[in-house]
Amino acid sequence: MKKLLLTVTAVAIGMTGVGLYASPETDQAAFVNYFTKKFPDTPKEDFVNGVYSIDAASREQWIEIEEFPPYELAIDAGEEEWNTAFANGKGYVDCFGEPGVRGNYPYWDESRKEVITLELAINECREANGEKPLKYKRGKIADISAYMAYASRGEPINVEIPNDEALAAYERGKEFYYRKRGQLNFSCFDCHGGGAGNLVRADKLSPAYGHTSHFPVYRSKWGGMGTLHRRFGGCNGQVRAKSFKAQGPEYRELEYFLTYMSNGLDYNGPGARK
Amino acid sequence: MNLSLIKVCATAIVLSFASFNAAAGDFSAAWDAADAKRKEAGKMGAEWRDTGKMLKQAKKAAEEGDEAKAMKLVAKALEQSEDAIAQYQREGNLWAARVPQ
Amino acid sequence: MRKKMTVIKRLGKLLAVPLLMGTMIAAPSYADNAMVEKGKKVAFDRKKGNCLACHMIADGTLPGNQGPALIAMKARFPDPAVLKAQISNPLEKNPNSIMPPFGLHNILSEEEIDAIVEYLLTL
């Protein structure tokens, strides 16, 4: 009986790939170790500042930009949205309680069996109150998200994986991250893991550790605000992969995995990036 | 005797129509096959960015009467989907080893 | 006035062929100049080779550094077929390579890759 048990266990371990056997906790520890080793001069908590945490030259420019942050208009617009009642008299406050709840997202909803993100929750609040849902990549959704992110600055990132189904979603997000895709054959980690700190033409690649903390983001390239899923879509397009729907299951689970990897860091949105 | 002669003539007429429309039929079938492959890649989450656009351009070229261009685009699109599926299968064995330990 | 122009035209026509032949004779017989020029164009084209994104190349500005600098190429690749294979399908040598498989994924045509090889071997 013991022999059979040992054999079965050995086979089970052998069958799972190396990357699948580890738990999320050991995954995260190894992830953090990878980046702190790669960038030993960067204090851990500073990774939330992306490329500016690993490149002194662009950091100078960024600090200047932050004196008159380009996302301020979005925060103001978002605050106005927050304070404007729906047609039925209710407001976002009735769904969320207060704006500073960014730290609750993303989370695994055990009854709905899916990942809930902040932007998804914003639209569900609207629809529950008879309002039309907003588009997910830019505009009003980014404004509201920016206001809520700003109100939540300093909250710790603490994504939980409460059960096996949540774990499966985490594993799907993880596989998405490390799989090469697109005609150009890149995985997310190719650029933001192994390639972090390298230059693509004149752009320095930011490390994945701390990646989702500062969204939504004012990106100079966009000349405006955008959400995390807008960036996901853009990245996929850049490697000539067909991008997925914003707030579809793929990007929500990717967000779930990626945010978990930054557990322990603090939310610092909204952000400004090149 | 008369009946079989009629049958032969009928077959000849049908076949001649078929060959007359062969070009258009070839494109339609080829386009459908390429789009089916694209959807197959899409189900895996492996579809490439430009495949759908290629198929749209192929339809447009066919409508404008440029058979050669249309077929070329269809062939390109099919190859993209086949390469995307091959990539997906190849990666199945590779991605896990990249995870930092 | 018109007569002068005609003379010049005729002179031009007379000299055209020997001049042309002169430039052809002056071109190196080893590398095909036209191919080298085409290769450089494709290599620097952001929608095609886009090699500067990751590689330092002489004549290129703001190069990336994800890959090795493209220098001393003839010495590093005495066999052009090896260089061609690396560009066409870098996954053969390293399945985790971050270099796009330009041939395998039809990012470039075979002629374009051949031209790039010609250009790179001049670096």
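This structure is a prediction, so every number in the text was calculated from the model and none was measured. Naming convention: chains lettered A, B, ... in sequence-line order (proteins, then strands); numbering from 1 in each chain.
Using a 4.5 Å cut-off between heavy atoms, A:Phe176 does not touch chain B at all. Residue contact with chain B, scored on non-hydrogen atoms closer than 4.5 Å, is absent for A:Asn236.
Residues B:Pro100 and A:Ala30 approach most closely at O-CB, 3.4 Å, considering heavy atoms.
A distance of 11.5 Å separates CG in A:Asn33 from CD in B:Gln101, rounded to the nearest 0.5 Å. Separating the NZ atom in A:Lys174 from the CH2 atom in B:Trp95 is a distance of 5.5 Å, to the nearest 0.5 Å.
In A:Lys137, the NZ atom is not crowded: 12 or fewer heavy atoms of neighbouring residues, nucleotides or ligands sit closer than 6.0 Å. Heavy-atom neighbours of A:Lys38 NZ from other residues, nucleotides or ligands within 6.0 Å: above the threshold of 12. Counting heavy atoms of neighbouring residues, nucleotides and ligands inside a 6.0 Å radius, atom CD of A:Glu160 does not exceed 12 of them.
A search for ring-ring contact (aromatic ring centres under 6.0 Å, His included) contacts involving A:Phe39 returns nothing, not counting sequence neighbours.
Annotation: side chain of A:Gln183 is not in contact with side chain of B:Arg49 (no heavy-atom distance under 4.5 Å). Counting only heavy atoms from C-beta outward, the side chains of A:Glu175 and B:Val99 never approach each other to under 4.5 Å.
Under the 3.5 Å distance criterion, the side-chain polar atoms of B:Gln87 are matched with a main-chain donor or acceptor of A:Gly182. Remark: the backbone N or O of A:Tyr178 is paired with a side-chain donor or acceptor of B:Arg98 at under 3.5 angstrom. For B:Glu47 (side chain) and A:Lys242 (main-chain N/O), no donor-acceptor pair under 3.5 Å exists by modelled atom type. At least one donor-acceptor pair closer than 3.5 Å links the side chain of A:Arg179 to the backbone N or O of B:Tyr88.
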